[in-house]
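Remember, predicted model here, so these are calculated numbers, not experimental data. Residue numbers begin at 1 in each chain, while the letters A, B, ... track the order of the sequences.
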2 protein chains.
Amino acid sequence: MTLNELKAIQLAELFSALSDVNRVRIISTLIEKEMNVSDLAEKTQMSESAVSHQLRGLRQMRLIRGRKSGRQVFYSLDDDHVKKLYLMGLDHVKHG
Amino acid sequence: MTLNELKAIQLAELFSALSDVNRVRIISTLIEKEMNVSDLAEKTQMSESAVSHQLRGLRQMRLIRGRKSGRQVFYSLDDDHVKKLYLMGLDHVKHG
DNA sequence: TGAATATATGAACAAGTATTCATATATTAC
DNA sequence: GTAATATATGAATACTTGTTCATATATTCA
C-alpha cells in the first residue's frame with residue numbers, strides 16, 4: 001500500500017502546520033485552555049498581527065477553531081487528535 | 001506546565017522533518033521495508049542526491065537510521081515511535 | 001593499483017514561508 | 001452617528017529550506 005500523492009501532500013501540510021516554534025507555542029498554550037488573540041500574543045511573546053497570521057494557518061489546517069465572543073475570538077484545539085499528535089511528538093523529543 | 005523553549009524548538013524541528021512531501025514519501029516507503037538510497041530514489045521519483053540530502057536531515061532528527069552493507073546503505077525507521085507519529089498524522093488526514 | 005559504483009556533501013540558486021507595517025473589518029460603548 | 005478596541009489581512013521584505021550540479025569519499029572488483 002503505497003501512499004497516494006494527495007495523502008502525501010496533505011500529510012506534509014499537516015506536519016508543516018506544526019513545524020514552526022511559534023505555532024508550537026500557540027498549540028502548547030491552547031492545550032491548557034482556550035485563549036483570545038491578544039492573550040496568546042502576550043503569552044507567546046509575539047505581535048498580535050503575527051499571532052493572527054499563524055492562527056489563520058492553523059485554522060485552515062483545522063487544528064484549531066475560533067469561538068467569537070463580542071469583539072474577541074477565543075481559540076482552542078479543534079479536536080483531541082491534535083492534542084495526541086502534539087503529545088506524541090513531545091514524548092519523542094523527551095525520550096528520543 | 002508551559003513548554004520550555006528548548007522543547008518547543010525540538011518539537012518544531014521534529015514536525016519540520018515530516019513537513020515535506022518528499023520526506024513523507026521516504027518515510028512511507030521505509031515503513032514497508034528498509035531500502036537503499038538508489039532504490040529509494042527510484043521509488044520516490046527523486047534524484048539520488050536529493051534523497052541523500054533528505055536522508056541526512058531525517059538521520060539527524062533520529063527518525064531513520066542507516067545500516068551499511070558493502071557500498072550500499074540501507075535505511076529504516078529508527079523506532080516505532082516514528083511509525084506511530086506518521087500513522088496518527090495519516091489518520092487525521094483521512095478522517096479530518 | 002585503477003575503474004566502477006553507491007552514497008554524501010558544499011555551494012548556488014530557486015522556491016516557499018514568516019514577520020512587519022499599514023490598513024481594513026467588526027463589535028461595543030458612548 | 002463617532003471613538004475605541006480586538007482581530008484580520010495584503011503587500012513587501014527578510015529568512016529559511018529544497019533542489020541541482022559538481023565534486024568528494026568509500027567500497028568493491030579486476
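- Nearer to the 5' terminus of DNA chain D, by closest-nucleotide assignment, is the contact made by B:Ser19 (compared with the other of B:Gly70 and B:Ser19).
- The list of salt bridge (Lys or Arg N to Asp or Glu O under 4.0 Å) pairs with a residue in residues 5-28 of chain A, not counting sequence neighbours, reads A:Glu5-B:Arg25, A:Arg25-B:Glu5.
- Distances shown here put a side-chain N or O of A:Gln54 below 4.0 Å from the OP1 or OP2 atom of C:dT19.
- Sorted by residue number, the list of members of residues 9-16 of chain A with any non-hydrogen atom under 4.0 Å from DNA chain C is empty.
- To the nearest 0.5 Å, atom CZ of residue A:Arg56 and atom CD1 of residue A:Ile64 are 12.5 Å apart.
- As a whole-Å value, the separation of A:Arg67 CZ from C:dA26 P is 20 Å.
- How far CD of A:Gln54 is from CG of A:Asn22: 6.0 Å, rounded to the nearest 0.5 Å.
- The structure places NZ of A:Lys43 at 13.5 Å from OG of A:Ser38, a figure rounded to the nearest 0.5 Å.
- Note on ring orientation: taking the six-membered ring where Trp is involved, the planes of A:His92 and B:His81 are perpendicular (angle over 60°, cut-offs 30° and 60°).
- Closest non-hydrogen pair, A:Phe15 versus B:Gly89, comes out as CZ-CA, 4.2 Å.
- Other members of a hydrophobic cluster containing B:Phe74 are absent, since no ILVMFWY side chain comes under 4.5 Å of it, directly or through relayed contacts.
- Atom CD1 of A:Ile26 is separated from atom CG of A:Leu63 by 11.0 Å, given to the nearest 0.5 angstrom.
- Pairs of Watson-Crick or G-U wobble type, with distances under 3.5 Å, assemble into runs of 3 or more in DNA chain D at these ranges: C:1-30 with D:1-30.
- To the nearest 0.5 Å, atom CG of residue B:Leu18 and atom CG of residue A:Leu11 are 7.5 Å apart.
- Pairs engaging residues 75-88 of chain A under the salt bridge (Lys or Arg N to Asp or Glu O under 4.0 Å) rule: A:Arg65-A:Asp78 [sequence neighbours left out].
- Phosphate contact (OP1/OP2 of C:dT27, side-chain N/O of A:Lys68, threshold under 4.0 Å): present.
- The CG atom of A:Leu14 sits 10.0 Å away from atom CG of B:Leu90, with the distance rounded to the nearest 0.5 Å.
- Residue B:Leu18 contributes atom CG, which lies 15 Å from atom C1' of D:dT17 at whole-angstrom precision.
- Atom-to-atom, CD1 of A:Ile26 to C1' of C:dT19 comes out at 13 Å; the value is rounded to the nearest Å.
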Report summary line: The contact string for nucleotides 5-12 of chain C, one letter per nucleotide 5' to 3', using protein heavy atoms under 4.0 Å with B, S and - for base, sugar-phosphate only and none, comes out as BSBBBB--
